[in-house]
Number of protein chains: 2
Amino acid sequence: MALQQFAAVGFAGTSLQQIAASAGYSKSSVLYHFASKDALLGEVLTPAIERLEDILGGFTSTSEDAASRRQFIEDFVDFLLQYRLEVHVLINQAQSLKGIAVIDRARALIVRLGDALCQEHATTIDRMRFGVALGGAAYSLVAGLTFFDEDITPTDDLRPALITLLSELLAPVAVRTTQPRK
Amino acid sequence: MALQQFAAVGFAGTSLQQIAASAGYSKSSVLYHFASKDALLGEVLTPAIERLEDILGGFTSTSEDAASRRQFIEDFVDFLLQYRLEVHVLINQAQSLKGIAVIDRARALIVRLGDALCQEHATTIDRMRFGVALGGAAYSLVAGLTFFDEDITPTDDLRPALITLLSELLAPVAVRTTQPRK
DNA sequence: ACCTTAGCTGACCGATCGGTCAGTTCCTGC
DNA sequence: GCAGGAACTGACCGATCGGTCAGCTAAGGT
């Protein structure tokens with residue numbers, strides 16, 4: 001679909017002609033179903049954003065203990081695996097797509113995610129753990145498309161590896177000790 | 001310069017008009033100094049690639065012990081900090097820019113880098129450590145541009161944090177123990 | 001004084017961009 | 001059988017894309 005092109009070539013680098021051709025339709029037909037190119041991007045990305053909002057909501061509403069943190073990481077990894085292309089677009093193109101509604105929504109969500117995982121007293125390295133985990137995961141999940149012809153790594157292999165890695169990276173950060181917040 | 005636009009908006013999303021305007025010249029003048037848009041990209045990215053080739057060459061030519069690995073990580077972090085925008089472009093846009101000479105050169109270099117750090121017997125999680133470290137570092141170094149108005153994090157703060165993080169991530173991978181492989 | 005050359009520019013090119021619109025096809029409910 | 005609407009399309013629009021070209025200006029060498 002169009003999503004693959006956005007992730008591979010970038011939103012700006014993908015033309016409506018290419019989207020239409022890869023879908024087997026004409027450009028006019030694409031614009032019949034979607035009001036504009038921006039609207040198409042919105043409809044493509046919205047399911048991923050809503051899923052992430054759900055996960056974050058579930059996490060922030062629970063008490064902070066080891067079990068809920070582990071649950072969050074598992075949910076988050078499954079989210080990454082299911083919406084890997086969407087995540088890649090959001091992470092790597094949010095800067096250039098400022099102003100589009102769905103992108104601004106996603107950016108606010110990512111900021112909230114960072115706040116939930118590391119309080120404002122977090123040190124530079126704590127914040128960077130979050131950034132590296134997020135950007136690194138988003139990158140690795142599509143790196144196969146960049147450096148190999150096929151994305152060969154199967155999901156079954158990736159899931160436990162990602163969970164281990166994100167646990168390592170986020171464990172020291174996510175520790176919300178007795179102090180609840182503020 | 002043009003590099004900032006490439007990193008921020010993407011190569012495809014940056015027009016020669018914008019590059020020229022931000023440099024205070026006309027589009028014709030830009031094309032007088034650079035044969036084409038692709039050639040401009042090449043000249044912008046080449047210094048970073050050559051520096052990385054130097055670092056990788058120095059690493060592979062030394063014996064594999066803790067000291068040389070630490071030296072490599074320090075060099076690599078300094079490289080990331082110095083060429084953060086270039087790295088971001090290479091990491092996140094290599095896929096869409098296949099065919100441009102400088103990009104293909106960089107892709108081959110990154111593959112070599114991965115091979116040097118984790119042998120072919122490396123497990124999925126080992127390879128992913130490398131990918132997360134690379135993609136994560138590239139992402140965090142420009143995430144400030146995406147989510148905050150200014151890239152406020154000073155380099156002095158970033159360097160030790162990055163070294164610590166990359167050491168953690170790459171330490172288990174880079175262990176070329178006595179056992180050569182398989 | 002003259003010529004060369006580097007640096008730079010506006011005008012222009014064909015191609016393609018996102019988007020509009022009138023019209024065609026085809027299916028469905030009556 | 002037919003009216004109506006949904007799906008779809010080609011032709012077309014102004015704007016902008018990367019790139020070419022002739023020409024302008026200023027500096028330097030002789």
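None of the values given here were measured: they were computed from a predicted structure. Note: hydrogens, waters and symmetry copies are ignored here, and every other heavy atom, side chains too, is used. Residue numbers start from 1 in every chain, and the chains themselves are labelled A, B, ... in the order their sequence lines are given, proteins ahead of strands.
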Ion pair present between A:Arg129 and B:Glu168, side-chain N to carboxylate O less than 4.0 angstrom?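 Salt bridge present between A:Arg129 and B:Glu168.
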Who are the salt bridge (Lys or Arg N to Asp or Glu O under 4.0 Å) partners of B:Arg70, not counting sequence neighbours? B:Glu74
Among residues at least two apart in sequence or on other chains, which ones pass salt bridge (Lys or Arg N to Asp or Glu O under 4.0 Å) with B:Asp78? B:Arg159
Which whole-number value in Å describes the distance from [X] [atom1] to [N] [atom2]?
X	N	atom1	atom2	answer
A:Phe11	C:dG18	CZ	P	8 Å
B:Phe34	D:dG18	CZ	C1'	15 Å
A:Ile19	C:dT16	CD1	P	16 Å
B:Gln18	D:dT16	CD	P	11 Å
A:Lys37	C:dG19	NZ	P	8 Å

Can you spot which of A:Ile100, A:Ile49, A:Ile110 makes a side chain to side chain contact (heavy atoms under 4.5 Å, CB included) with A:Arg105?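 Checked A:Ile100, A:Ile49, A:Ile110 against A:Arg105; only one passes side chain to side chain contact (heavy atoms under 4.5 Å, CB included): A:Ile49.
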Determine the interplanar angle of the B:Phe76 and B:Phe72 rings, folded into 0 to 90°, and report it as parallel if under 30°, tilted if 30 to 60°, perpendicular if over 60°.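 B:Phe76 and B:Phe72: parallel rings.
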Classify the nucleic acid contact of A:Leu31 as base, sugar-phosphate or nothing, counting any heavy atom under 4.0 Å across all strands shown. base
Is the shortest side-chain N/O distance from B:Gln17 to OP1 or OP2 of D:dC17 below 4.0 Å?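 Looking at the OP1 and OP2 atoms of D:dC17, one of them is under 4.0 Å from a side-chain N or O of B:Gln17.
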For every nucleotide of nucleotides 6-13 of chain D, 5' to 3': is a protein heavy atom under 4.0 Å from its base (B), only from its sugar-phosphate (S), or from neither (-)? SBBBBB--
Nearest 0.5 Å, what's the CG-CD distance between A:Leu109 and A:Glu50? 11.0 Å
